[in-house]
Amino acid sequence: MSSHEHRKFPADFPAAPLTLEGFSVLHQMFRIRRAEWRTLEAAKRERAIAEASATFDEMARREDRESALFSELGHKGDLMIVHFRRSLDELGEAQRAVGKLALSDFLEATTSYVSVIEIGLYEATLALCERLFELGIKPRTDEWRAEIEAELSRQRSKIMPRLFPRIPERRYLCFYPMDKKREANDNWYRLSMSERRRLMHDHGMVGRRYAGEVTQIISGSIGFDDWEWGVDLFADDPLVFKKLVYEMRFDEASAGYAKFGPFYIAIRMKPSDLASTFAV
Amino acid sequence: MSSHEHRKFPADFPAAPLTLEGFSVLHQMFRIRRAEWRTLEAAKRERAIAEASATFDEMARREDRESALFSELGHKGDLMIVHFRRSLDELGEAQRAVGKLALSDFLEATTSYVSVIEIGLYEATLALCERLFELGIKPRTDEWRAEIEAELSRQRSKIMPRLFPRIPERRYLCFYPMDKKREANDNWYRLSMSERRRLMHDHGMVGRRYAGEVTQIISGSIGFDDWEWGVDLFADDPLVFKKLVYEMRFDEASAGYAKFGPFYIAIRMKPSDLASTFAV
Amino acid sequence: MSSHEHRKFPADFPAAPLTLEGFSVLHQMFRIRRAEWRTLEAAKRERAIAEASATFDEMARREDRESALFSELGHKGDLMIVHFRRSLDELGEAQRAVGKLALSDFLEATTSYVSVIEIGLYEATLALCERLFELGIKPRTDEWRAEIEAELSRQRSKIMPRLFPRIPERRYLCFYPMDKKREANDNWYRLSMSERRRLMHDHGMVGRRYAGEVTQIISGSIGFDDWEWGVDLFADDPLVFKKLVYEMRFDEASAGYAKFGPFYIAIRMKPSDLASTFAV
Amino acid sequence: MSSHEHRKFPADFPAAPLTLEGFSVLHQMFRIRRAEWRTLEAAKRERAIAEASATFDEMARREDRESALFSELGHKGDLMIVHFRRSLDELGEAQRAVGKLALSDFLEATTSYVSVIEIGLYEATLALCERLFELGIKPRTDEWRAEIEAELSRQRSKIMPRLFPRIPERRYLCFYPMDKKREANDNWYRLSMSERRRLMHDHGMVGRRYAGEVTQIISGSIGFDDWEWGVDLFADDPLVFKKLVYEMRFDEASAGYAKFGPFYIAIRMKPSDLASTFAV
Amino acid sequence: MSSHEHRKFPADFPAAPLTLEGFSVLHQMFRIRRAEWRTLEAAKRERAIAEASATFDEMARREDRESALFSELGHKGDLMIVHFRRSLDELGEAQRAVGKLALSDFLEATTSYVSVIEIGLYEATLALCERLFELGIKPRTDEWRAEIEAELSRQRSKIMPRLFPRIPERRYLCFYPMDKKREANDNWYRLSMSERRRLMHDHGMVGRRYAGEVTQIISGSIGFDDWEWGVDLFADDPLVFKKLVYEMRFDEASAGYAKFGPFYIAIRMKPSDLASTFAV
């Protein structure tokens with residue numbers, strides 16, 4: 001049986017693919033209140049920048065639980081902060097740490113995004129279901145659960161670095177949230193798992209062609225924020241974003257089922273660049 | 001006749017399931033105006049925190065008519081307050097009590113939600129309709145009304161604690177409002193009651209698998225707020241929200257008929273945590 | 001011929017039912033700027049409350065051209081004012097009178113609604129059209145117009161009190177605007193008048209079951225505001241709103257053709273309650 | 001051949017009807033910042049009102065390039081200014097003239113609309129195409145262009161006063177923007193010109209019944225603002241707006257193809273009324 | 001084989017046409033805070049205007065990396081700045097340069113648009129695919145890539161001035177973003193490339209008729225901003241925008257597949273006009 005021809009499983013088989021989760025992620029977008037900032041006396045401005053630089057420098061140096069700064073283009077914001085953390089609680093701490101900076105009095109939160117790095121295991125889920133089906137193991141029995149946990153452990157150990165990655169060291173960031181459509185005949189959630197697997201596979205093939213040029217991090221936000229997934233693309237040439245996202249728009253999964261939120265385009269900055277960003 | 005094969009009732013039979021209502025619920029979301037807050041002198045800040053802590057402490061201690069505080073993630077708000085009360089009037093009092101706090105001068109209401117805890121009785125409604133149909137009791141006669149009231153009383157006494165629950169003592173809250181679709185071929189309100197019953201039953205089965213991990217409170221908001229229902233999920237592991245809501249998205253009721261509003265994710269805090277939340 | 005089997009009229013017969021109009025209506029929703037209000041000195045606050053109470057007291061006492069105050073739940077507003085007047089000009093005066101109050105400096109208009117109390121005469125229109133058709137009177141001739149005016153006069157005298165009602169003295173108000181859909185196969189404006197009559201009749205039957213518990217006032221806003229109709233429901237038990245609107249959602253007119261705007265839920269207050277609403 | 005049975009033209013024939021354009025139009029909507037206004041000293045308020053009254057008085061007196069003031073109902077704005085001018089440049093000047101008024105510091109622009117008075121020539125376009133087709137004149141040849149220019153000149157001279165009208169001297173204004181739908185089977189831009197002509201003709205017949213009661217000015221805004229057309233209705237009895245727009249909603253062009261934007265309802269005011277509108 | 005009859009390529013052939021990219025483009029829209037501006041002392045106002053004029057004068061003089069100023073009509077903004085630059089980084093610098101102006105304290109960013117000048121090569125892509133198909137060269141092999149790079153180079157050298165154009169010296173600008181629909185049966189991304197080529201060809205023919213009157217610059221924004229493309233039209237007679245966009249609305253590509261964002265209409269201004277724009 002080819003990898004694309006899976007049997008249709010009984011109705012009590014799971015419909016959602018197994019997923020593995022890694023870092024909790026918070027994107028914060030801020031507009032700089034320049035008019036107010038300029039009225040602050042120079043010494044206070046310097047202290048505020050020094051304090052913020054030190055804070056973000058510390059957050060940027062960590063091997064784990066990293067934060068990175070980006071300078072946004074356009075009116076949606078001037079500053080984007082991306083936090084990778086070990087839990088929502090740690091994200092809350094990061095949010096509060098930013099909120100406590102003197103600089104924060106001059107930042108207006110325009111938007112944000114809460115998600116968790118996620119890897120969907122369509123292939124492994126289907127292979128496992130095949131096997132459990134043939135073994136006659138019933139869904140949601142203890143045996144079933146044990147098999148699933150074992151599979152998740154195996155997968156987790158293989159892809160740990162993709163679940164807990166560094167924030168890629170590339171110059172440009174393209175971030176956007178997205179949904180799968182649930183409309184009339186274009187309803188992702190009414191497709192069989194093997195059909196979704198096929199579509200995601202083909203969709204992934206497009207991404208793979210850009211493997212060397214773009215680092216992609218997918219995070220899940222069902223239950224956490226207003227869209228189902230967040231997509232972060234990192235590249236050294238921003239035109240690659242346009243080419244990749246355009247090309248993907250034609251694959252069957254996107255053409256038929258993707259719904260895109262707003263797009264944010266930003267340039268990586270070092271904490272030490274804050275001084276020039278906030279220069280009056 | 002299996003529980004899924006109900007007769008089609010005459011057209012004058014009710015289309016809406018019987019429901020039981022409990023606490024009136026108000027969700028309030030606030031953004032902290034940190035810049036203004038920081039300009040307040042320290043003594044006044046301390047007094048404002050002390051006053052708010054005392055107020056919320058009193059509200060949190062009650063066995064009945066409870067309020068709880070949550071710290072939100074992202075820009076949608078910093079503070080969420082959930083009030084369970086015996087009436088809309090009491091919710092109004094809670095709202096005014098919050099509004100009177102000195103701390104309120106530094107809170108900007110970003111959104112809110114008004115609803116009433118609701119339990120839909122599809123099974124009982126259908127069983128009762130069966131019985132009344134066989135007894136030849138006509139809808140909306142006195143006899144019919146008496147039977148309904150009797151049934152509601154029976155049910156109410158059985159599920160009283162679910163109608164007037166404590167706010168679950170779990171660390172994370174996921175709140176979102178939702179509608180049932182009324183679109184072309186995906187129109188919930190054009191389905192027969194037994195079809196809706198079947199879909200809600202299957203939908204409920206997904207929830208039941210997470211029974212130990214998630215406490216769910218459904219409140220109805222038809223006539224009260226912009227969506228038809230509010231969903232509060234409480235858990236000790238926030239990843240469970242993602243898994244549960246994702247899995248539910250594939251059940252027939254959600255895939256075909258659910259329309260979701262914004263999602264709010266928050267972490268429980270004690271009134272005594274206000275001091276650190278508002279630390280400058 | 002039963003009341004539900006009307007002939008299809010010639011194409012030049014009117015498609016819109018006759019309507020009768022009564023009071024012009026303005027709903028004003030305000031958020032209280034508590035932080036600013038609290039900075040006002042106590043004496044000025046007292047004067048502002050006294051002035052507003054006197055103004056609204058006078059407006060509330062009138063037998064005709066009445067205004068009433070409501071306290072809203074949630075962030076959509078704190079104060080709702082409903083004005084019934086004899087003309088748009090008088091509504092403009094009411095709006096300016098509110099705007100001139102010292103208290104207005106502390107009220108932020110969050111939304112509003114402009115409409116005119118309307119009673120749609122489907123039954124009478126169809127009966128009249130039947131008669132005129134049989135008499136061979138052609139649409140839009142002088143004779144036709146005279147018959148219509150005569151019918152409107154007859155109807156107006158019968159339902160005058162429903163066109164110029166008091167603001168019902170019930171504790172709770174549920175207000176929402178709505179449209180009839182014009183979508184693909186669910187297009188209200190493509191139905192025949194007798195089909196619409198049938199649907200409105202059945203829709204009305206649901207409302208009639210709640211006659212004792214809910215007072216409903218429909219106002220038309222085509223040409224005046226963003227939705228086609230405004231619905232005001234008044235009741236002493238707010239759960240009745242939920243039950244009524246839920247039950248109505250299943251009738252054919254609503255299930256297939258209704259589109260609902262935001263819902264506002266509020267509690268009646270007396271002008272003398274302003275002091276406690278604005279207590280600091 | 002009856003006026004409703006046009007041949008289908010070759011594919012290279014124009015699809016858009018010829019149009020004639022007149023005044024450039026700007027609608028400006030403002031909310032009055034009453035709280036700030038009241039803090040201004042009386043003498044400055046008087047000077048600001050005097051200046052604004054003089055400016056608008058001059059603009060209102062002109063036979064050509066007129067501006068008119070309206071007082072809005074509801075929260076969408078308090079003051080609407082409608083400018084008719086000979087060019088976009090002159091609209092820009094009018095906008096700057098308003099912006100320079102001392103009164104402008106107390107006006108918050110809530111919305112606006114940019115358009116050009118337009119008369120669509122469906123009948124003339126089809127008749128001309130008929131003739132050119134029979135003469136064998138090919139589209140977009142010099143001969144074709146000359147014929148079109150000649151036709152436009154003929155039409156322009158006939159309807160000049162409708163292209164450059166006075167702002168009608170009626171007490172009430174109803175303004176709303178609208179689009180023609182481009183949805184699945186309800187796609188205006190996929191209809192043949194003669195089909196659109198028929199629909200617009202029937203649509204126009206509804207309007208004609210109100211000829212004495214309503215003065216209608218249509219302006220085109222494709223390329224200028226977010227909707228395709230703006231509609232201004234002027235009447236001495238505002239109920240006529242409701243009756244006209246409701247009746248029109250049933251004609252085939254509106255029922256199937258119209259998409260309506262927000263509605264603005266306002267009452268004409270004289271520049272000398274500014275004093276009472278801004279009375280504190 | 002006529003230019004419109006292309007074979008259907010194998011499934012692994014690219015679905016997106018080749019594109020060439022030129023200048024990075026930023027549109028910035030600002031509202032002037034006139035009330036605050038007027039409170040600034042005259043000398044400071046003069047200095048701010050002088051500084052801004054000098055900055056924009058320098059930006060406007062460049063042969064390459066040009067910026068231009070436009071005065072907007074309506075409430076969407078008073079000032080539009082269009083920047084053409086060699087990279088996103090340079091756009092960021094332009095944005096910061098504007099942000100540093102003293103004048104910026106009196107500018108409120110209402111919106112913006114980030115894109116890259118793009119020319120889609122449907123004809124060349126199809127011709128190349130034909131040739132590679134006949135040569136048996138497989139997609140995404142080195143040979144294939146080399147052929148593509150060679151073709152892109154050839155094309156680039158031919159149309160370099162269209163990729164890196166001057167900002168056209170015409171008096172009026174019409175800017176709007178747009179998408180191609182992905183709805184049920186109107187899904188651009190499910191059409192074959194040759195079908196899209198045909199539609200774009202016909203669409204282009206409409207534009208060509210206006211070649212002398214309108215200069216059109218298309219920029220791509222997939223991955224950069226919320227719509228897929230930005231359209232800038234420059235003309236000396238603004239009515240041409242209305243005629244062109246209206247006529248285009250009937251071509252098959254637009255009627256069936258175009259989704260339009262907001263429209264911005266503006267008048268070119270010289271940096272030396274800032275003084276009169278900001279005159280108090």
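Predicted, not measured: the structure shown is a model, and the values here were computed from it. Within every chain, numbering begins at 1; the chains are lettered A, B, ... in the order of the sequence lines, protein sequences first and strands thereafter.
- Between C/D225 and D/K76 there is a salt bridge, with a side-chain nitrogen of the basic residue lying less than 4.0 Å from a carboxylate oxygen of the acidic one.
- For the options C/R96, C/E118, C/R140, C/E21, heavy-atom pairs under 4.5 Å to chain D are most numerous at C/R140.
- You'll find the side chain of C/K100 stays beyond 4.5 Å of the side chain of D/V280, heavy atoms only.
- Of the possible polar contacts, none joining the C/D226 side chain to the D/P262 backbone as a donor-acceptor pair under 3.5 Å is found.
- Only the side chain of D/I267 has a heavy atom closer than 4.5 Å to any heavy atom of chain C.
- Residues D/R171 and C/D89 are paired through a salt bridge, judged by an N-O separation under 4.0 Å between the basic side chain and the carboxylate.
- In terms of the side chain to side chain donor-acceptor pair (under 3.5 Å) criterion, C/Y264 has no residue partners (sequence neighbours excluded).
- At distances below 3.5 Å, not a single donor-acceptor pair connects side-chain atoms of D/E247 with backbone N or O atoms of C/A15.
- Residue pairs meeting the side chain to side chain donor-acceptor pair (under 3.5 Å) criterion with at least one partner in residues 31-49 of chain D, sequence neighbours excluded, are C/D105-D/R38.
- With a 4.5 Å cut-off on non-hydrogen atoms, C/Q28 does not touch chain D at all.
- Of all residues in residues 249-261 of chain D, those placing a non-hydrogen atom less than 4.5 angstrom from a non-hydrogen atom of chain C are D/R249, D/F250, D/S254, D/A255, D/G256, D/A258, D/K259, D/F260.
- Here the side chain of C/S112 pairs a donor or acceptor atom with the backbone of D/H75 at under 3.5 angstrom.
- Only the side chain of D/D186 has a heavy atom closer than 4.5 Å to any heavy atom of chain C.
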Quiz: residues 212-219 of chain D side-chain donor-acceptor pairs under 3.5 angstrom, not counting sequence neighbours:
| residue | atom | partner | partner atom | Å |
| --- | --- | --- | --- | --- |
| D/T215 | OG1 | D/R170 | NE | 2.9 |
| D/S219 | OG | D/S115 | OG | 2.8 |

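- Environment of CG in C/N185: sparse, with no more than 12 heavy atoms of neighbouring residues, nucleotides or ligands closer than 6.0 Å.
- At least one side-chain heavy atom of D/Y246 sits under 4.5 Å from a side-chain heavy atom of C/Y189.
- At most 12 non-hydrogen atoms from other residues, nucleotides or ligands lie less than 6.0 angstrom from CZ of C/R162.
- Residue C/L101 touches chain D through its backbone alone, counting heavy-atom pairs closer than 4.5 Å.
- Neither the backbone nor the side chain of D/F175 comes within contact range of chain C, judged by heavy atoms closer than 4.5 Å.
- Chain D forms more heavy-atom pairs under 4.5 Å with one residue of C/S24, C/P17, C/P14, C/G92 than with any other, namely C/P17.
- Both the backbone and the side chain of C/T19 come within less than 4.5 Å of a heavy atom in chain D.
- To the nearest 0.5 Å, the span separating CG on C/L20 from CG on D/L239 amounts to 10.5 Å.
- Of the atoms belonging to C/L91, heavy atoms from both backbone and side chain fall under 4.5 Å from chain D.
- In this structure, CZ in C/F224 is found 7.5 Å from CZ in D/F241, a value given to the nearest 0.5 Å.
- With a 4.5 Å cut-off on non-hydrogen atoms, C/N187 touches chain D through its side chain but not through its backbone.
- Neither the backbone nor the side chain of D/Y176 comes within less than 4.5 Å of any heavy atom of chain C.
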